[in-house]
Protein chains: 4
Amino acid sequence: MSKTKKLPEENSRSEESKTRILLAAADIFSRKGLDGARVDEIAAAAQINKRMIYHYYGSKENLYVEVLRYNYNKIYVLSKGAFVPGDDPRENVRRALRRYFYFLAQDEEFVRLVSWEALNRGRYGSMVLPQLLDLAQSDLGEILQDGINRGIFRPDLDIRQVLLSIHALCLVYFTRREMIQPMWPQDLMSEDMLESRLQHILDFVFNGILKHDKA
Amino acid sequence: MSKTKKLPEENSRSEESKTRILLAAADIFSRKGLDGARVDEIAAAAQINKRMIYHYYGSKENLYVEVLRYNYNKIYVLSKGAFVPGDDPRENVRRALRRYFYFLAQDEEFVRLVSWEALNRGRYGSMVLPQLLDLAQSDLGEILQDGINRGIFRPDLDIRQVLLSIHALCLVYFTRREMIQPMWPQDLMSEDMLESRLQHILDFVFNGILKHDKA
Amino acid sequence: MSKTKKLPEENSRSEESKTRILLAAADIFSRKGLDGARVDEIAAAAQINKRMIYHYYGSKENLYVEVLRYNYNKIYVLSKGAFVPGDDPRENVRRALRRYFYFLAQDEEFVRLVSWEALNRGRYGSMVLPQLLDLAQSDLGEILQDGINRGIFRPDLDIRQVLLSIHALCLVYFTRREMIQPMWPQDLMSEDMLESRLQHILDFVFNGILKHDKA
Amino acid sequence: MSKTKKLPEENSRSEESKTRILLAAADIFSRKGLDGARVDEIAAAAQINKRMIYHYYGSKENLYVEVLRYNYNKIYVLSKGAFVPGDDPRENVRRALRRYFYFLAQDEEFVRLVSWEALNRGRYGSMVLPQLLDLAQSDLGEILQDGINRGIFRPDLDIRQVLLSIHALCLVYFTRREMIQPMWPQDLMSEDMLESRLQHILDFVFNGILKHDKA
DNA sequence: GATGAATGAGATTTCATTCAT
DNA sequence: GATGAATGAAATCTCATTCAT
């Protein structure tokens, strides 16, 4: 139905309106969810007549699906290129994790849309992608395998579990932001705090919490 | 209000209705969220006249808050008693984690309500508890500190970060269930799979992914 | 969905409201058709909140179908009993035709609803009855056959064609009322004019179907 | 309006567009009626910009009236010339009826527009013609009178009633097509079936209006 | 003359809430 | 305490019409 396959960046007035609607909708859906969002609100935010939303997207639900599609595409841009084959697996993990962590840090919209979708049991997202595996789609799986092969990472790892765990360690910081903020005096989104969380994750992933005596 | 008998045991018919509403509401709110749930639906599920919901709870939103309160209380039951002071810190962590993990496994309602609440930025939950920190409320903090003190856990750990990470590792398995299920052939909620995830978490938490040569 | 199978004449307040809606809708749909009618208008005419229409009938379209069902049922009341087996076939025809003609004369609502339905190609009526054959449903078919068997009516008649023709001769007077009124000075619905049309039809029909002995 | 060339032959592009709109509108109005038709649909069918409809016809309603005018004109083409003064009145009736019947058979659009109009109580058609009496406008009235005068048709006929009846006998076959089709195995619009209905009508009409000599 | 985009008014439908009993 | 019926407000969606080019 929609031809906005990649980025909505064609032109002509209509494309621009269509895009304005999509961006406004993405913002509002991400903040309030499908049920909480109001079409009137989206129209106002897009500075366009409500009628146009139906003209371009057919229904509120379909607009939501298009918003998902648009956001899910962001993952593709992110995913590839983190794995540098010759490189130290540890370095590869660091790179991929940093990239993913900061991607989430910078795109709250994405984080929230994915979360709504999880609560909706993938009802709408499944119309867009057979399955969105976030990180799994990226190179991280290959990186881990490479590390195992090269004897750097433990050979008994279940890569799927590790991917899921890494995913969780990054995401939780953003999805629970309001709830954990009171635990720290600084703003969770400040550069320092972000970097500090990332370092914790890397440390955690590599070493766990045990003190490893080496001799 | 005027002449109702005030029996010492007040669990009369009215209390039972009130409870039926709460349980039905908890189920439906957990599945659809505040905005997605319908008062009619709740009344039907509670097998009660819609009017009673307003009689007992005043409004849909307030009913939702009561559902949150009821669920958040479950945490208290869970939290205390995991920390056995003299015990090996590793053993204490294992016990607390297992307890928490299976608590989440057995209470999807809780998991989902907490997740909706996170997306709602704690708007309603904050009416109930100043902050719900799930695990943090439990003994795990103390256990970790005890482990550090006793030289078993690394001294440079930021306990808050660790608590958050452990929380994430457990929760993600349930909140993303539908999305990750395709990665495994077995049912994610089967005993085997649950135990296997728990072991992964324990292993991950204790050791991370690196191969630690010991000599 | 609806339990108003026969006549809507149960009781209790809700049944009464439901009936009021149905009657108001029948009136307005018959005057303006499905597309021309407004739900607001029906609600106002039924002196009820619009919401109730959806509560009882689900949708405008479904309400229309129920109106059709209610009206089509009138035919059954009418249809049976015109055929008196031993009687002169001519007498039987006279009786059945008079009955049908005056039924149409007295129920403009029915006439118009059936006509809208015809223009809609039976789209909605077919949900109610597999086929509404108006007169054909009545005894007239039997009466004609009886007349043929007894040598009063011409043996080469195609009863289906005759039924259709009779149907047309009666109905046209009411469906084209506004258009033909200018041809006569009196009111088409006056007793005199009605009787005069009926006599014309009977005369027309008899001299058409009668076997004319020539000697 | 200011400087447009006023060619003697004005059938330029504009006239052609105007006509295309009219034809598309006639088709759609005839199928769905005034209320059921959509301006968008008409524009799409005419392969023209919607704006042009307003440019040429001012409003949807006015376009409908023009469609009626265009269709009602067809009657004039049909009407005259059926009456051959010297001819046998029976022959004249046969000719006129056949002509009318097949005119209706071939122009469903006309049949349906006239029927919508009847249900609309001539609201729009009356803007076009003070009264449209279909057949009455034709020679049939004269033919009947001629037949009476010459002692072929019964002298007590009310010509208006007969005209109305003949009108009905022809029209009903087309207006109720979908509803009566199930009564016959063949397609109602097949040559055989059409001819068979026409013969029925002629037979029906003649044996009704003919003076039956008994010796 | 022609077009694509846009709109305001109003249609149908939904929903939390309250009335009358 | 409990119920069935009802409602006002607001949501989604539709449509004839007009603007800007």
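Reminder, nothing fancy here: chain letters follow the sequence lines and each chain counts from 1. Predicted model only: the values in this text are computed from it and were never measured.
- Evaluation of the side chain to side chain contact (heavy atoms under 4.5 Å, CB included) rule for B:E178 yields A:R121 as partners, not counting sequence neighbours.
- Consecutive Watson-Crick or G-U pairing (both distances under 3.5 Å) extending over three or more pairs maps onto DNA chain E as E:2-21 with F:2-21.
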- prompt: Please walk me through it: do C:W116 and C:R112 pass side chain to side chain contact (heavy atoms under 4.5 Å, CB included)?
  reply: CA-CA 6 Å; C:W116 288 114; C:R112 292 181 61 84; 3.9 Å; yes
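- Rounded to an integer number of Å, the gap from C:E15 CD to F:dG4 C1' is 13 Å.
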Side chain to side chain contact (heavy atoms under 4.5 Å, CB included) evaluation trace for C:R123 with C:N120: CA-CA 6 Å; C:R123 195 156 29 133; C:N120 283 325; 3.7 Å; yes
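- Ion pairing of A:K74 with A:E109 is present here, as a side-chain N (NZ or NE/NH1/NH2) and a carboxylate O approach within less than 4.0 Å.
- A sub-4.0 Å separation between OP1 or OP2 of E:dA2 and a side-chain N or O of D:S17 is present.
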Could you pull out the protein-nucleic contacts involving nucleotides 18-21 of chain F (nitrogen or oxygen on both sides, under 3.5 Å)?
| residue | atom | partner | partner atom | Å |
| --- | --- | --- | --- | --- |
| F:dC19 | N4 | D:R51 | NE | 3.2 |

message: Applying side chain to side chain contact (heavy atoms under 4.5 Å, CB included) to A:L113 and A:Y64, what does each step give before you reach the verdict?
response: CA-CA 10 Å; A:L113 282 169; A:Y64 182 68; 4.2 Å; yes
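- Taken residue by residue, residues 26-48 of chain D places heavy atoms nearer than 4.0 Å to DNA chain E at D:I48.
- Protein atom NE2 of D:H55 is 15 Å distant from nucleotide atom C1' of F:dT17, rounded to whole Å.
- Phosphate proximity of F:dA5 to C:S14: present, with a side-chain N or O under 4.0 Å from OP1 or OP2.
- A pairwise comparison of heavy atoms in A:S17 and A:Y56 identifies CB-CE1, 4.2 Å as the closest pair.
- Evaluation of the side-chain hydrogen bond (donor to acceptor under 3.5 Å, both in side chains) test over residues 39-48 of chain D, restricted to residues two or more places apart or in two chains, returns D:K32-D:E41, D:D40-D:K50.
- Here the P atom of nucleotide E:dT14 and the CE atom of C:M52 are 13 Å apart, to the nearest Å.
- A:D35 pairs by the salt bridge (Lys or Arg N to Asp or Glu O under 4.0 Å) definition with nothing, not counting sequence neighbours.
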- request: Would you check, one step at a time, whether the test side chain to side chain contact (heavy atoms under 4.5 Å, CB included) holds for A:K60 with A:F29?
  value: CA-CA 10 Å; A:K60 179 187 178 183; A:F29 280 137; 4.1 Å; yes
